[in-house]
Amino acid sequence: MDALLFAKAAREEKDAMLETYLADTDSVAGEQIAKLKAAGASDELLREVFNSVLTDCFYNILLGIDGQMPIGSLGERSYRLLAPDSTVIANASGTLAEAAYEAFYGEEG
């Protein structure tokens, strides 16, 4: 596993969460989305809003892991993230940040 594979897995998780939130009315988020629909919000608008929020959240956390931005009150610091085979995924080199950009905003994003 490398940084791009890790970032793409994060993107897949974000996409799965989005679909779950929009389809599952049994969850708290699903109930709130149902209320927004009942108030007149379109499916398209809700998808755009939740996609944007989840994308920002996942992308910013990946940047934070790579030391490119702060995570909460921790400030900007780098973390060393290794794959099970000891491949470096993040170590403040910017590799994870670049991979995150590709996964979330690149041609496939």
Side-chain angles (χ1 to χ4, degrees):
M1 175 186 307
D2 62 6
L4 185 56
L5 186 59
F6 186 83
K8 285 181 176 182
R11 168 66 191 267
E12 290 170 7
E13 184 64 24
K14 186 270 310 181
D15 291 343
M17 287 177 70
L18 175 64
E19 295 308 318
T20 298
Y21 286 153
L22 295 174
D24 181 12
T25 57
D26 292 332
S27 68
V28 173
E31 290 174 8
Q32 294 167 335
I33 290 170
K35 288 179 185 176
L36 290 169
K37 287 181 181 182
S42 70
D43 288 342
E44 181 180 331
L45 177 60
L46 290 169
R47 176 174 291 281
E48 289 175 11
V49 168
F50 281 92
N51 185 54
S52 178
V53 169
L54 287 170
T55 295
D56 288 349
C57 180
F58 275 78
Y59 180 68
N60 289 340
I61 288 173
L62 292 175
L63 291 182
I65 291 170
D66 206 28
Q68 306 299 312
M69 70 179 312
I71 296 178
S73 63
L74 297 176
E76 256 182 57
R77 59 176 67 176
S78 62
Y79 299 89
R80 185 172 165 89
L81 181 62
L82 302 176
D85 67 358
S86 297
T87 301
V88 175
I89 295 172
N91 65 352
S93 66
T95 303
L96 182 57
E98 290 174 15
Y101 183 84
E102 177 63 30
F104 285 89
Y105 299 108
E107 289 182 31
E108 294 178 17

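Source: prediction; values computed, not measured.
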| task | First locate atom CG of Asp26, then atom CD of Glu31, and finally report the distance between them rounded to the nearest 0.5 Å. | result | 7.5 Å
| request: Determine yes or no for a side-chain-to-main-chain donor-acceptor pair under 3.5 angstrom, with Asp66 supplying the side chain and Gln68 the backbone. | output: no
| query | What closest approach, in Å, do Ser27 and Gly30 show between heavy atoms, and which atom pair accounts for it? | reply | OG-N, 2.9 Å
| Tell me, do Met17 and Glu13 make a side-chain contact under 4.5 Å, heavy atoms counted? | yes
| said: What's the separation between atom CD1 in Ile89 and atom CG in Leu4, rounded to the nearest 0.5 Å? | reply: 11.0 Å
| said: Restricting to non-hydrogen atoms, name the atom on Ala103 and the atom on Lys8 that form the minimum distance, rounded to 0.1 Å. | reply: CB-N, 3.9 Å
| request: Kindly compute the distance separating OG1 (Thr55) from CG (Leu18), expressed to the nearest 0.5 Å. | output: 8.0 Å
| message | If you count every heavy atom of other residues, nucleotides or ligands that lies below 6.0 Å from Phe58 atom CZ, does the total exceed 12? | response | yes
| Is there a path from Ile61 to Tyr59 through hydrophobic residues (I, L, V, M, F, W, Y) whose side chains come within less than 4.5 Å of each other? | yes
| Student check: side-chain heavy atoms of Leu81 and Asn91 closer than 4.5 Å | no
| query | Does Asp15 reach the side chain of Glu19, with side-chain heavy atoms less than 4.5 Å apart? | reply | no
| request: Quick one: pull up CG in Leu82 and OG1 in Thr87 and give me the separation to the nearest 0.5 Å. | output: 8.5 Å
| Could you state the interatomic distance from CD1 (Ile65) to CZ (Arg77), rounded to the nearest 0.5 Å? | 13.5 Å
| task | Kindly work out whether a path of hydrophobic side-chain contacts (I/L/V/M/F/W/Y, heavy atoms less than 4.5 Å apart) joins Leu62 to Met1. | result | yes
| remark: With sequence neighbours left out, the residues meeting ring pair (Phe, Tyr, Trp, His ring centres under 6.0 Å) with Tyr79 are none
| With sequence neighbours left out, which residue pairs that include part of residues 36-46 fulfil the side-chain hydrogen bond (donor to acceptor under 3.5 Å, both in side chains) condition? | Lys37-Asp43
| query | Do you know which two heavy atoms are closest between Ala97 and Leu63, and how far apart they sit? | reply | CB-CD2, 3.3 Å
| task | Calculate, to the nearest 0.5 Å, the distance between atoms CG and CG belonging to Asp56 and Asn51 respectively. | result | 9.5 Å
| message | Side-chain heavy atoms nearer than 4.5 Å, only ILVMFWY residues, links allowed to pass through others: does that put Val49 and Val28 together? | response | no
| said: Test of understanding: clusters of I, L, V, M, F, W, Y form through side-chain heavy atoms closer than 4.5 Å, transitively. Do Tyr101 and Val53 belong to the same one? | reply: no
| query | Is a donor on one side and an acceptor on the other found under 3.5 Å between the side chain of Thr20 and the backbone of Ala16? | reply | yes
| query | Got a sec, which pairs hit ring-ring contact (aromatic ring centres under 6.0 Å, His included) with one end in residues 21-56, sequence neighbours left out? | reply | none
